Amino acid sequence: MRALYWFRDDLRLEDNPALTAMCAKADEAIFAFVIPESNRWSRSPERMGKHRSRFMTDSLIALDKALRDRGNQLLVLHGDSDVAIVEAAEKWSCRAVYSQRCHTHEEEIAATQVAAVIPHHTFEGATLLHPDDLPFDLKDLPNIFTRFRKKVEKGGLVVRDVQSIPQIPPPPSDLPDESIELDKSELMDGLPKTTMYFDGGAEAGMKRLQHYFWGTRALSEYKKTRNGMIGWDYSSKFSPWLAWGCLSPRIVYHAILDYESDFESNESTYWLIFELLWRDYFRLIAMQHGDRIWHKTGLKDAPRKPVIHHPLQWKDWCTGNTKSDFVNANMHELRLTGFMSNRGRQNVASYAIHNMGLDWRICAAWFEHWLIDYDPCSNTGNWLYVAGIGNDPRLQREFDVEWQADRYDPEGTFRRHWNRLGEKFPCDPLAIE
Ligand SMILES: Cc1cc2nc3c(=O)[nH]c(=O)nc-3n(C[C@H](O)[C@H](O)[C@H](O)COP(=O)(O)OP(=O)(O)OC[C@H]3O[C@@H](n4cnc5c(N)ncnc54)[C@H](O)[C@@H]3O)c2cc1C
């Protein structure tokens, strides 16, 4: 049987249940990824900024190489995802399409449209806990994270083993050999050499994991350092690889267990698992609530505060021209590198919503454009949380941004660094639609 494997947010061969399932059935295979052209779809050039686009291309090149090492290759298609996949499947006479299951609105529509034309088999693979292993029905998912965590931790977390790379079937003999182009276009030109730069792909993700765990043992200090803002090792920085699926959360989890048996098990090693559970939680919330997560009032019936769209203030926030030098520095870091610390994200989100009265959705869209690690579930879940219309037991989650700046950047080093670079590389507000 000839099949088509559709890579989505799972750009890896290891621990990929949908890929393993296809390889067990197919004796010939096409591997494809689609870059959408219309901004109806996430990952279209308009919705995906240059840093994420560069990381994606890097990851696709790495994936192509991994497939070539095993006798196949990756096809990069352009157009609407469902149309491009169906056309490719028909062109190469594939009898079925396989992919990792996605639970967000646009991705589900595309998957259903493919399934309307050709058998489309989808498998869970993006979460730490397999949804079928949860000790409750999805409809009973607790609406507060702590309750969810306690339920899944009761009696020990159930995490499946990592699946090794399957035997990759060969391509059809007449498949053209196409290579993927990467435009590195000096993204980081002019920035200090120490600026973080994330290499895409599974191998680079594993290298980062090795560094953070066995290389520096920074994992042992993670809980104490995770609120940092400067440098590589205050937190794991796994998010871009997790968001694109270059690393699976189960690979990270089992590596934490290995680290614990090699060195030590402490609050910090546990805390990284705790954060992976947050990631799962926001995915399950998306599964449970469907496109409700994108509503102006989120999971509530009414917004916590009146929300009006202020285009000019929104541009001030985007371009790092607010009254807060702490917010501005974080916004410059985001635009110039595609990354922002968790502490930074919480503060700029709180400031946008609570101090400036902006609509969370348009701010979340700015994050979508710039973040290398953009993930629809984690991004939306966190924005709703900060806006007080998601899964927050507290009525108010407003940060005192000046107090936060004093606490987390007491010498002003972070602010000086990014505000200086923001001035050197300004963002033109007129260029923002
Ligand atoms: C407004 C806002 C928007 C965000 N948007 C995104 C997004 O688009 N993509 C994204 O991956 N994370 C998002 N986060 C969560 C978090 O800020 C990042 O995951 C984290 O900063 C990435 O750095 P790290 O890998 O070093 O994290 P670490 O602290 O090392 O955590 C390890 C991993 O746990 C997961 N994780 C940690 N914190 C969270 C969290 N609060 N929610 C969900 N998962 C978490 C991530 O996968 C992360 O890589 C957002 C947070 C806020 C407040």
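Because the structure is a prediction, the values reported are computed rather than measured. Atoms within a ligand are numbered from 1 in the order they appear, just like the ligands themselves.
- If you check which protein heavy atom lies closest to atom 31 (O) of ligand 1, you get Y222 OH, 3.4 Å.
- With hydrogens left out, the protein atom closest to atom 30 (O) of ligand 1 is S236 OG, 2.6 Å, a heavy atom.
- The parts of N342 lying near ligand 1 are both backbone and side chain, judged by heavy-atom distances below 4.0 Å.
- At a 4.0 Å heavy-atom cut-off, ligand 1 does not touch V386 at all.
- Seen from the ring of W6, R8 counts as a face-on cation partner, given the 6.0 Å and 45° thresholds.
- Given atom 6 (C) of ligand 1, the protein heavy atom at minimum distance is R345 NH1, 3.3 Å.
- E275 OE1, 3.5 Å is the protein heavy atom nearest to atom 37 (C) of ligand 1.
- Heavy atoms of F339 found under 4.0 angstrom from ligand 1 belong exclusively to the side chain.
- Of the protein's heavy atoms, N382 CB, 3.4 Å lies nearest to atom 2 (C) of ligand 1.
- Nearest protein heavy-atom neighbour of atom 22 (C) of ligand 1: S239 OG, 3.2 Å.
- Applying the salt bridge (Lys or Arg N to Asp or Glu O under 4.0 Å) rule to pairs touching residues 264-281 yields K223-E267, R226-E275, sequence neighbours excluded.
- The side-chain tip of R12 does not point at the ring of F7 from less than 6.0 angstrom away and within 45° of straight on.
- For residues 316-342, the pairs satisfying salt bridge (Lys or Arg N to Asp or Glu O under 4.0 Å) are D325-R415, with sequence neighbours left out.
- With Y374 as the aromatic partner, R52 does not meet the cation-pi criteria of under 6.0 angstrom to the ring centre and within 45 degrees of the ring axis.
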